[in-house]
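Notes for the one structure printed next.
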There are 2 protein chains.
Amino acid sequence: MTADEIDHEAETPVYRQIAAVLIADIERGALPVGRRIPSESDLVKRFGVARDTARGAVRYLRDEGYVRTVPQRGSYVLERRRPTEGG
Amino acid sequence: MTADEIDHEAETPVYRQIAAVLIADIERGALPVGRRIPSESDLVKRFGVARDTARGAVRYLRDEGYVRTVPQRGSYVLERRRPTEGG
DNA sequence: CTGCATTTGTGCGTATGTATG
DNA sequence: ACATACATACGCACAAATGCA
């Protein structure tokens with residue numbers, strides 16, 4: 001999914017749409033454990049959004065336990081994510 | 001123009017104000033073709049801004065076709081700039 | 001080749017102002 | 001008032017390549 005796929009009119013916030021793309025990449029192994037996910041700048045260019053929005057996506061992944069952000073380094077895919085409801 | 005002349009309150013973004021100074025220098029020959037423009041660090045010191053802002057000015061000059069940036073070298077004044085509207 | 005300074009590239013942290021729904 | 005989103009701006013740190021001694 002690229003900039004063309006982002007729906008700014010949708011009910012789902014743009015940052016969540018981007019997060020969904022990254023989560024899908026993680027789930028299917030395109031982004032394996034330990035791998036660094038695209039940088040905020042990468043997401044800005046790829047999806048054509050503001051850095052603030054790209055940061056929102058990364059923050060969401062972090063909150064959900066998918067990645068760990070290392071200052072000045074990037075965000076890396078974690079082994080297992082934090083369960084949100086016991087699944 | 002130096003740091004004293006930058007207006008952080010103006011509608012025109014700081015990076016554009018700095019770019020305008022450099023463009024004026026190019027237009028009047030103070031920065032001739034082939035000449036390297038001040039480095040990002042130079043602009044930071046001269047105008048008292050963050051590197052991010054100085055980079056914005058250089059990026060603008062590059063986008064407008066005034067200079068060509070060579071990694072690890074600097075940005076050099078080009079022969080002619082890319083026309084933006086047919087001028 | 002080594003050591004150092006310079007300069008751009010990259011990347012995250014943070015804050016402010018503006019606009020929209 | 002609040003969440004989302006974009007643009008701008010400052011701060012800090014490390015990497016890579018170049019140039020010079």
Side-chain angles (χ1 to χ4, degrees), chain A residues 1-23 25 31 34-78, chain B residues 1-23 25 31 34-78:
Chain A
M1 188 184 274
T2 59
D4 303 325
E5 307 301 323
I6 292 295
D7 184 358
H8 289 262
E9 309 304 310
E11 295 175 30
T12 304
V14 176
Y15 80 89
R16 287 280 284 103
Q17 291 181 49
I18 294 175
V21 173
L22 297 175
I23 288 174
D25 286 345
L31 287 176
R35 190 93 162 72
R36 207 201 69 191
I37 67 172
S39 70
E40 295 173 356
S41 292
D42 287 338
L43 298 178
V44 166
K45 285 179 284 190
R46 177 173 165 192
F47 295 102
V49 297
R51 190 189 165 196
D52 182 71
T53 305
R55 281 178 67 75
V58 177
R59 182 193 54 194
Y60 182 79
L61 261 58
R62 191 166 52 242
D63 290 346
E64 289 297 312
Y66 283 103
V67 304
R68 175 176 68 96
T69 298
V70 182
Q72 280 72 56
R73 292 285 295 165
S75 293
Y76 301 82
V77 178
L78 293 176
Chain B
M1 188 184 275
T2 58
D4 303 324
E5 307 301 322
I6 292 294
D7 184 358
H8 288 262
E9 308 304 309
E11 294 176 31
T12 304
V14 177
Y15 80 89
R16 287 279 286 101
Q17 293 181 48
I18 294 174
V21 173
L22 296 175
I23 288 175
D25 287 345
L31 287 176
R35 190 94 162 73
R36 206 200 72 189
I37 67 173
S39 71
E40 295 172 357
S41 291
D42 287 338
L43 298 178
V44 166
K45 285 179 284 190
R46 176 172 165 193
F47 295 101
V49 297
R51 190 188 164 197
D52 180 73
T53 305
R55 281 177 70 75
V58 176
R59 182 193 54 194
Y60 182 80
L61 260 58
R62 189 166 53 242
D63 290 346
E64 289 297 311
Y66 283 102
V67 304
R68 176 176 68 95
T69 298
V70 182
Q72 281 70 58
R73 289 282 294 160
S75 293
Y76 299 83
V77 179
L78 293 174

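Convention: sequence-line order gives letters A, B, ...; per-chain numbering from 1.
- Under the salt bridge (Lys or Arg N to Asp or Glu O under 4.0 Å) criterion, A:R51 pairs with A:E40, not counting sequence neighbours.
- Listed here is the closest heavy atom pair of A:A54 and A:V44: CB-CG2, 4.0 Å.
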Return the polar atom pairs (N/O with N/O) between nucleotides 19-21 of chain C and the protein under 3.5 Å, or none.
none

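- Every side-chain contact (heavy atoms from CB on, under 4.5 Å) that B:P38 has, sequence neighbours left out, goes to B:L22, B:L31, B:D42, B:L43, B:R46.
- In this structure, A:D52 places its CG atom 14 Å from P of C:dC12, rounding to the nearest Å.
- Taking the side-chain contact (heavy atoms from CB on, under 4.5 Å) definition, one finds that A:S41 meets it with A:S39, sequence neighbours left out.
- Side-chain atoms of B:F47 and B:T53, non-hydrogen and from C-beta on, never get closer than 4.5 Å to each other.
- Listed by chain and number, the residues in a side chain to side chain donor-acceptor pair (under 3.5 Å) with A:Y76 amount to none (sequence neighbours excluded).
- No cation-pi contact links A:R55 to A:Y15, judged by a cut-off of 6.0 Å to the six-membered ring centre and 45° from its axis.
- Listed by chain and number, the residues in a side chain to side chain donor-acceptor pair (under 3.5 Å) with A:S75 are A:T69 (sequence neighbours excluded).
- When DNA chain D is scanned in the 5' to 3' direction for atoms under 4.0 Å from non-hydrogen atoms of chain A, the outermost contacting nucleotides are D:dT4 to D:dA13.
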Considering only nitrogen or oxygen atoms on both sides, find all protein atoms under 3.5 Å from nucleotides 6-8 of chain C and state each distance.
from: C:dT7; atom 1: OP1; to: B:R36; atom 2: NH1; distance (Å): 3.2
from: C:dT7; atom 1: OP1; to: B:R36; atom 2: NH2; distance (Å): 3.1
from: C:dT8; atom 1: OP2; to: B:E40; atom 2: N; distance (Å): 3.0
from: C:dT8; atom 1: O4'; to: B:Q72; atom 2: N; distance (Å): 3.3
from: C:dT8; atom 1: O2; to: B:Q72; atom 2: NE2; distance (Å): 2.6

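- Between A:V14 and A:V49, the shortest heavy-atom distance links the atoms CG1-CG1, 3.7 Å.
- The structure places CZ of B:R68 at 12.0 Å from CD1 of B:I37, a figure rounded to the nearest 0.5 Å.
- Residue-to-nucleotide proximity on DNA chain D shows that, of A:V49 and B:A50, the 5′-proximal contact is made by A:V49.
- Nucleotide D:dA1: unpaired (no Watson-Crick or G-U wobble partner with both distances less than 3.5 Å).
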